[in-house]
Amino acid sequence: MASASHPQFRYSQPPSKVLHLRNCPWECTEEELVELGKPFGRVVSTKCNVGANRNQAFIEFADLNQAITMVSYYASSSEPAQLRGKTIYIQYSNRQEIVNNKTTGDASGNVLLVTIEGVEPRDVSIDVLHLVFSAFGFVHKIATFEKTAGFQALVQFSDLETASAAKNSLDGRSIPRYLLPEHVNYCNLKITFSAHTDLSVKFQSHRSRDYTNPNLPVAPSAMDGSGQFVLGLDGRKQEQESNVLLASIENMQYHVNVDVLYTVFSAFGPVQKIAMFEKNAGWHALIQYPDVQTATVAKESLEGHCIYDGGFCKLHISSSRHTDLSVKVNNDRSRDYTIPNSAVMSSQPSILGHQPVNAVGPAAASVYSGAPFAAGFDSNVMAAQPVAEWGVNAASMSQTMAPSMPRTSYMIPGTAPHEMAPGVMHVHGHTVPPHVRPIPPYGH
DNA sequence: AGCACA
């Protein structure tokens, strides 16, 4: 029955001088493995902490007969093989030698091997990893892959010090919840040093990135015939970018009209038209910009953010298939700002009567300030905050980083501290000139 | 309790 449900283990392995041990105790040592094998022959090599749970190990004997002796002994013994009192299971490895056994005692370098537990690979994009690890320094390259140990990534830093800082702060912690899809509850990182020093990344793709070489070609698999990206950063099919955004407003406790949306979306560039509509018991809006790039920046900056503190009026933004909205009437629900009259009208703070004064507080005040290009945008709203919070002093942090992360409504996804130069910020790889830098109308 | 870093 057991063999029927595990057909891959139905046949015993052919003998090898390498033995595969499973169910090993957590972080058992090479010395313990040597002690275990010594009675049966000369142990020439060992490897421990193997696999996703790091509870497998290998012992290589000098001679095949020694391995056979050990396996035979425990096959007929009344006492099972044990490490630290824990029963372990021994079989012949399907390989003939232990490779890549660590050469220097604590091999550490500038590249980290990250095992991402508890998620499907599509749940954690390479950009989320980039964001998380960039908090510690410039991330040169990332390569992700799936092996027996699960979903893993190699993350290359400039030097051992940065890599070490990232490892110390992130090992054993979860990626912040708000960077994960809603259905994922946690996502644990297990981090070790890789023996690599320089990853070879041939293409920019949803599996690998070279952040030192923006001119690297995009993998053919991530392009369509017209040369546009069709794969998202997570490898999923991506909607075609458009100059018109579709915003769904979740948890709309407060009145949202075109004026509110105009203020929020004008932070990224000129808004031409807005049309709101109700569908499936929820409110949605189409927002038209003059160009795709502005719309894309707005989409990536605002996605998942709330217009008001407290999770009210949360925005979910996608690209619309529309390119030019037909706005027939200017009212609370639709507006064409390219018609001079209505544009003037909208710039007046004429909506104060709708302001949910008591509930919103100062956070929302800037929404109504009528100054969408205010100079107040400063480094204090950028993603620089995680740097301080995850930095080398993060050792005293609690197990999960999430509680100490900035609130979602402050977070501008994709901003990497190292990329920031005065007056310029990057939003998902786009350089945003200062005059269109998004102010966070949703406030502090 | 099930094979190692693309």
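We name chains A, B, ... by the order of the sequence lines, and we start the count at 1 in each one. Only a predicted model underlies this, so the values are computations on that prediction, with no experimental measurement involved.
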Residue [X], side-chain heavy atoms: nucleotide from [options] that is nearest:
| X | options | value |
| --- | --- | --- |
| R22(A) | dC3(B), dA1(B), dC5(B) | dA1(B) |
| Q56(A) | dG2(B), dC5(B), dA6(B) | dG2(B) |
| Q91(A) | dA6(B), dC3(B), dA1(B) | dC3(B) |
| L154(A) | dG2(B), dC3(B), dA6(B) | dA6(B) |
| H20(A) | dC3(B), dA6(B), dA1(B) | dC3(B) |
| N23(A) | dG2(B), dC5(B), dA1(B) | dA1(B) |

Value in whole Å for how far the [atom2] atom of [N] lies from [atom1] of [X]:
| X | N | atom1 | atom2 | result |
| --- | --- | --- | --- | --- |
| R54(A) | dC5(B) | CZ | C1' | 14 Å |
| I126(A) | dA6(B) | CD1 | C1' | 11 Å |
| E146(A) | dC3(B) | CD | P | 15 Å |
| L21(A) | dG2(B) | CG | P | 12 Å |
| I59(A) | dC3(B) | CD1 | P | 17 Å |
| H196(A) | dA6(B) | NE2 | P | 7 Å |
| N55(A) | dA1(B) | CG | P | 8 Å |
| N53(A) | dA1(B) | CG | P | 10 Å |

Above 12 or not: heavy atoms from other molecules or residues under 6.0 Å from CZ of R321(A)?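 No, CZ of R321(A) has 12 or fewer neighbouring heavy atoms, counting only those of other groups under 6.0 Å.
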Between Y92(A) and T144(A), whichever has its closest DNA chain B nucleotide further toward 5' is Y92(A)
T69(A) and Q66(A): side chain donor to acceptor below 3.5 Å: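 Absent: no donor and acceptor within the cut-off.
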Side chains of H322(A) and Q288(A): any donor to acceptor distance under 3.5 Å?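 Looking only at side-chain atoms, H322(A) and Q288(A) do not form any donor-acceptor pair under 3.5 Å.
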Would you say the ring centers of F58(A) and H20(A) fall short of 6.0 Å from each other?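 For F58(A) and H20(A), the ring centres are under 6.0 Å apart.
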Students often mix this up, so state it plainly: with edges at 30° and 60°, are the rings of Y308(A) and Y254(A) parallel, tilted or perpendicular?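 Geometry flag for Y254(A) against Y308(A): perpendicular rings.
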Look at all strands and tell whether E60(A) reaches a base, only sugar-phosphate, or nothing, counting heavy atoms closer than 4.0 Å. nothing
